[in-house]
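Notes for the one structure printed next.
All figures in this text were calculated on a predicted structure; none of them were measured in a lab. Chain A is the first sequence line, chain B the second, and so forth, proteins listed ahead of strands; every chain is numbered from 1.
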2 protein chains.
Amino acid sequence: MSVPRLAVSVDLVVLTVREQRLCALRWRRDRPPYEGAWSLPGGFIQLDEDLPVAASRLMAERAGLADVRIHLEQLATYGYPDRDPRQRVVSVAYLGLAPDLPASSRAQVLWTAVDDLLQEEAAFDHRRILCDGMERARAKLEYTSLAAAFCPPEFTVAELRRVYEIVWGTSLDPRNFHRKVTGADRFLIPTDRTTTRDGGRPARLYRRGDAEQLRPPMLRPRPTERPN
Amino acid sequence: MSVPRLAVSVDLVVLTVREQRLCALRWRRDRPPYEGAWSLPGGFIQLDEDLPVAASRLMAERAGLADVRIHLEQLATYGYPDRDPRQRVVSVAYLGLAPDLPASSRAQVLWTAVDDLLQEEAAFDHRRILCDGMERARAKLEYTSLAAAFCPPEFTVAELRRVYEIVWGTSLDPRNFHRKVTGADRFLIPTDRTTTRDGGRPARLYRRGDAEQLRPPMLRPRPTERPN
DNA sequence: CCAAAAGTGTTCCTAGTACACCCATGT
DNA sequence: ACATGGGTGTACTAGGAACACTTTTGG
């Protein structure tokens, strides 16, 4: 029995928060198929390369984010036969969460607000992959300390709260949020510095702690189920 | 630039609860590599086949579970270069949750308690995949209604509780558990039948409701963090 | 009658929600 | 002085934990 062989790619959903919006890295397609549409940055894996290694390499080569500490995790694998019109490609998607970084050095990739991106035509099934990545990020904010991956090394509680509010599209009570995150064990490490970059009374700066889980979880306000 | 092509397989972590233990389907390897070790049932995908379709096909062909309603979801993808000594294989693992079924018709596959399986030598990285599948199942019991996937069509609250206890390896208060699951919206649909198969006072039989999420979640008792 | 398991009531306590209020800075 | 955002206190409430107690069967 012969074993079919096919191309395996890695596609990257890279999210950040900038200018009060949730943004993703888009790749500008300048040749068919889907010329003019956007796609996710990605590429084919090499024969001697592990999947996370390929994701890191492509993060540098295609997303222009070399030497940057970014949270990277596997998202899901997409493989229905016609997803690429040229050939059968199975794609392993990775999710990356980044702080607000300068735009990439490559002209072909740029940060775009996901709301805008979803209005435009997407190449392949990349709209679906982007949506899955956003949903994963939203869900993980609830029960992990991943929100800090969107922040610079030192940040205030209010900046962290804005991450939650923007990613979830909700508003949170600043006072209860403050109590919750400063009370969570090993989530935030206080520094002795403060900042007034957001105006008002100086806010204490924190660094990310080593807790991975957030227990009890941060509850995302649900759209109240139809009361009827 | 040439695109490397490689073999893509689907491996199945199929879990059930039988005889008070968490069991998985094992494949008995009767030829190298890893002759004598166990592996997960699986096989290569076809060129014209979507991933979930391949998983269903292999569930029938290799796991011997055709025509059975089983919850199937994608688990993760494993692809480091030397995981199969014969050739480079990227494997997409699927997680299946089944009620207590008769043993497969194939002699090569059989249910084995996961505790025993983890004592034996595993082929490839299948021990790791099995562990990832168990962890996914444990986590999903917390916030979804998936536990019912381990039960027959009609079941009692105590049977459902035993699923939680066996999968989590903890014990739960029967009274609080009863209130929690019968109170959860659309989780359980009461029938008008009862059973005494577990002894004692007759227990009402329930069918699975259409709720997917369990809110608020069922809390898994955590090993109390070292009190030091 | 007794054992066993189902199911209910009640008490206590943790933690989420809402919001009044005070604090420390820039202008 | 006052606007702005940082941070604390507090009352209310939902829901988890623990467990006494009643119910309904089989033996």
Side-chain angles (χ1 to χ4, degrees), chain A residues 20 141-143 151 154-166 168 170-185 187-206 211 213-225 227, chain B residues 20 141-143 151 154-166 168 170-185 187-206 211 213-225 227:
Chain A
Q20 313 292 336
L141 289 203
E142 291 198 297
Y143 60 95
C151 294
E154 299 202 340
F155 53 89
T156 67
V157 171
E159 286 161 357
L160 185 67
R161 174 168 51 82
R162 251 157 251 141
V163 167
Y164 278 91
E165 292 179 332
I166 291 167
W168 283 350
T170 61
S171 64
L172 300 172
D173 186 294
R175 298 155 296 187
N176 293 333
F177 182 88
H178 187 281
R179 222 190 329 263
K180 172 103 183 167
V181 297
T182 54
D185 190 40
F187 185 11
L188 297 181
I189 299 172
T191 70
D192 46 10
R193 270 180 307 283
T194 58
T195 182
T196 55
R197 61 192 176 211
D198 295 327
R201 169 176 166 180
R204 162 155 267 117
L205 285 166
Y206 292 85
Q213 302 292 312
L214 193 57
R215 285 186 60 85
M218 181 82 60
L219 295 180
R220 157 164 47 160
R222 302 266 159 174
T224 48
E225 18 243 79
Chain B
Q20 313 292 335
L141 290 203
E142 291 198 297
Y143 61 95
C151 295
E154 299 201 340
F155 53 90
T156 68
V157 170
E159 287 161 358
L160 185 67
R161 174 169 50 83
R162 250 156 254 142
V163 167
Y164 278 91
E165 292 179 330
I166 291 166
W168 283 350
T170 61
S171 63
L172 299 172
D173 185 292
R175 299 154 294 187
N176 293 334
F177 182 88
H178 187 279
R179 222 191 329 263
K180 172 104 184 168
V181 296
T182 54
D185 190 41
F187 185 10
L188 297 181
I189 299 173
T191 69
D192 46 9
R193 271 180 307 283
T194 59
T195 181
T196 56
R197 61 192 176 211
D198 294 328
R201 169 174 166 182
R204 164 154 267 117
L205 285 165
Y206 292 85
Q213 300 293 313
L214 192 58
R215 284 187 60 84
M218 181 82 61
L219 295 180
R220 157 165 45 160
R222 302 267 158 174
T224 47
E225 19 243 79

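With a 4.5 Å cut-off on side-chain heavy atoms, A:Val181 and A:Met218 count as touching. At a threshold of 4.5 Å between non-hydrogen side-chain atoms, the residues B:Leu205 and B:Arg197 count as touching. B:Arg162 has its side chain within reach of B:Asp198: a pair of non-hydrogen atoms, C-beta onward, lies under 4.5 Å apart. The shortest distance between side-chain heavy atoms of B:Tyr164 and B:Arg220 does not fall below 4.5 Å. Within the 4.5 Å cutoff, the side chain of B:Leu172 has heavy atoms near those of the B:Pro221 side chain.
Nearer to the 5' terminus of DNA chain C, by closest-nucleotide assignment, is the contact made by A:Pro217 (compared with the other of A:Pro217 and A:Asp173).
Contacts between residues 175-182 of chain B and DNA chain D, counted as heavy-atom distances below 4.0 Å, involve B:Arg175, B:Asn176, B:Arg179, B:Lys180.
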Checklist entry - How would nucleotides 22-27 of chain C be written as a contact map, 5' to 3', with B for base contact, S for sugar-phosphate-only contact and - for no contact, using protein heavy atoms under 4.0 Å? => result -BBB--
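In this entry the distance linking CZ of A:Arg161 with C1' of C:dT17 reads 16 Å, nearest Å. Rounded to whole Å, the distance from CZ on B:Arg193 to P on D:dT24 is 20 Å. Straight-line distance from the CG atom of A:Leu219 to the C1' atom of C:dA18: 15 Å, rounded to whole Å. As rounded to whole Å, 11 Å separates atom P of C:dA18 from atom CG of A:Leu172. When rounded to the nearest whole Å, the span between CZ of B:Arg204 and C1' of D:dT25 equals 15 Å. Whole-Å rounding puts the A:Leu214 CG to C:dA15 P distance at 12 Å. Atom CG in B:Leu160 sits roughly 15 Å away from atom C1' in C:dG7 (whole-Å rounding). Taking atom CE on A:Met218 and atom P on C:dA15, their separation rounds to 14 Å, with Å as the unit.
A pairwise comparison of heavy atoms in B:Pro216 and B:Lys180 identifies O-NZ, 3.0 Å as the closest pair.
Out of C:dG7, C:dA6, D:dG16, the shortest distance to the side chain of B:Asp198 is found at C:dA6.
Shown are B:Thr195, B:Leu160, B:Val163; of these, the side-chain contact (heavy atoms from CB on, under 4.5 Å) with B:Phe155 is made only by B:Leu160.
The residue B:Pro216 sits close only to the backbone: its heavy atoms come under 4.0 Å of sugar-phosphate atoms, none of a base. Residue contacts for A:Arg197: at a heavy-atom cut-off of 4.0 Å it reaches no nucleic acid atom on any strand shown.
Under a 3.5 Å cut-off, the side chain of A:Gln20 and the backbone N or O of A:Ile166 do not form any donor-acceptor pair. Using a distance-only test at 3.5 Å, with no hydrogens or angles considered, no donor-acceptor pair links the side chain of B:Arg215 to the main chain of B:Tyr143.
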